[in-house]
Amino acid sequence: MKARFTGNVIMGETAEIFVEGKSLQAEVLQINPDPANPGAGIVEMQVFEDLTGAVIGDLVEFTGKPLSVQLGPGLLTSIWDGLQNPLYKLAEQNAYLIPGIKAPALDEERLWDFTPIVKAGDEVKGGDVIGTVPEGRLTHKILVPFSFGKCSVVSIINAGSVNITREIAQIKDERNKTHSLKLVFHHPVKSPIPFRERSIPDKTISTGVRVIDLLAPVSYGGTVGNPGPFGAGKTVMQHTLCKYALADIIIMAACGERAGEAVEVFKDFAELKDPTTGENLMNRMCIFGNTSSMPVAAREASVFIALTVGEYYRYQGYNVILLADSTSRWAQALRERSGRQGDIPGPEAFPMDIPDQIKGMYQRAGVDSGTGGSLTFIGTVSPAGGNFQEPVTQATMDSTGGFWGLSQDRADAKKYPAIDPLAYTSSIYDGFISWKDRNRILATLNEANSIDQTISTIGLKKVPVEKYILFQKGLTIDFCVLQQDAFHKQDACTRPERLEILNEAMQKLIGNDIYFSENGKDDEELKEMIKYRFDELRQWWKDWNESAQSDEEIRELIAKIEEFISQEEYAQ
Ligand code: ADP
Ligand code: MG
């Protein structure tokens, strides 16, 4: 959209467009001189909301501020659209999202128990803690906005109940200018909140998903791209991580996915429990729901808003996981915008700088050893036709430490989660199991996979018995360990103690030769018997996954494997 202006306009500042009495948010993308009016200009804007009803002559007001997010207590448990309009609040005004309806991002009436930490005369700077309020079970640190340099505290209120509109302190900057502070402040979404002391991610997250925690682990502060074709299980994976990954805070940016899916999430999650505290799951979450029915430009904003909220809590010392589904929809928003602007397109019409934009996004994740917090970023990618060669998947691969490729074949075969055990990367050396153990599992899967191909090309007959046994071992690891039912109460989540037992069982199975007694059987009969015994083992193991809970029951797996390896009960 274009608008004429006189006076000053800054690149990237936001504007409000008044259409039929509503105000719509927009952002300035380009500023050009107005050929018809010397001294005046024309701005090109992207409007974040539906422009229906706009006519030539509608008023535009420039705010002088870049797109920003409101940070402060009350962020958790909230559900917003991509511009931080609270969806629940809006629903109270009207059942549907109507463009231009605004509600405050954070509850203005709610009272918070404020405890000051600094006193008048103290020196503070941007990011310093001036007090705290309890937010659920977390201690929300009230920070000096990051835009401030060195300041001194002029006054601060005593401990007590305050809402977010009230002044809690005054600080004076080096030019002797006094500023009023509240529990909340705005921060521009495209300026990353700094690290105190950035360090390398090194602590593995227990996600509860076996294939991840065993083979492709992710650490606090790490980054992962999770590409997969439509229906391969990206969204289910994100929801599983939401429910089970161990973290203080989970932020979900549901970006451009189907509206029905978003509604399901809201309903579903409200009834779930946090795996560490047993409290309502939403207490550790906030959701930016930006479904495909909302304007495309808001998608671009939503990821940046979610990142900024994540950085804000990292700065307070919390472990935050940001889940974005899907970053391809986000990239498409950039594509649409640059198309409209008439930029020279890069590969597949994405903007030329899409790799840098994607890199810039993932770089905002990381560990801050200065605060003890971390921000982990796990983004799905939905390449058309599942083609990983396209620009967004490629740029994601270059930008993230970990990569979980979902395979169409595995999804078609209902082998969930469909992470291809032969198409992933992880930046962690020793996670919950040693590198050596991980490699032995991988080698077995690899070999089983090539034997499988041999079987389908030249037939089972030509495959030696030892190879067939190896193939069955690989099949067992895949079926009993890597595959996991995200919807089964017991199977959905596996913690490290149990992974250790699983690893012990797998290493025993891999490391021991198993002799099946021939007993006068021909090759075909022998292989049939081997398959039968492995099938039995797999069934038993699957039941174990879905039931064993006490320490003793869990150890039974090891006994079972030992018995299986020795094949004693069959040896006659
Ligand atoms: P995508 O987001 O990649 O398009 P979804 O996450 O919506 O795909 O998954 C499609 C379907 O696959 C789900 O509705 C579910 O039936 C099945 N599915 C995916 N992952 C799992 C899983 N771990 N366990 C069980 N079913 C799964
Ligand atoms: Mg999906």
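Every number for a ligand or one of its atoms is a count from 1 in the order of the listing. This one's a predicted model, so the numbers in the text were calculated from it and none came from an experiment.
For ligand 1, none of its N or O atoms has an N or O atom of Phe487 under 3.5 Å away. Every N/O-N/O distance between Met237 and ligand 1 stays at or above 3.5 Å. Looking at Ala486 next to ligand 1, an N or O pair under 3.5 Å apart turns up.
Taking a cut-off of under 4.0 Å to the non-hydrogen atoms of Phe230, the atoms of ligand 1 that pass are 4 (O). Set against the non-hydrogen atoms of Pro229, the atoms of ligand 1 under 4.0 Å away are 3 (O).
In this structure, Ala232 is part of the shell of residues with a heavy atom less than 4.0 angstrom from ligand 1. Not a single heavy atom of Ala411 sits less than 4.0 Å from an atom of ligand 1.
Between Arg337 and Glu27 there is no salt bridge, since no side-chain nitrogen of the basic residue lies less than 4.0 Å from a carboxylate oxygen of the acidic one. Salt bridge Lys508/Glu504: present, at least one basic N to carboxylate O contact under 4.0 Å.
Distance check for Thr380 against the Mg ion (ligand 2): none of its N/O/S atoms falls below 2.8 Å.
Side chain of Glu348 to main chain of Phe350: no donor-acceptor pair is present (N/O by atom type, distance under 3.5 Å, no hydrogens or angles). Here the side chain of Ser550 pairs a donor or acceptor atom with the backbone of Glu553 at under 3.5 angstrom.
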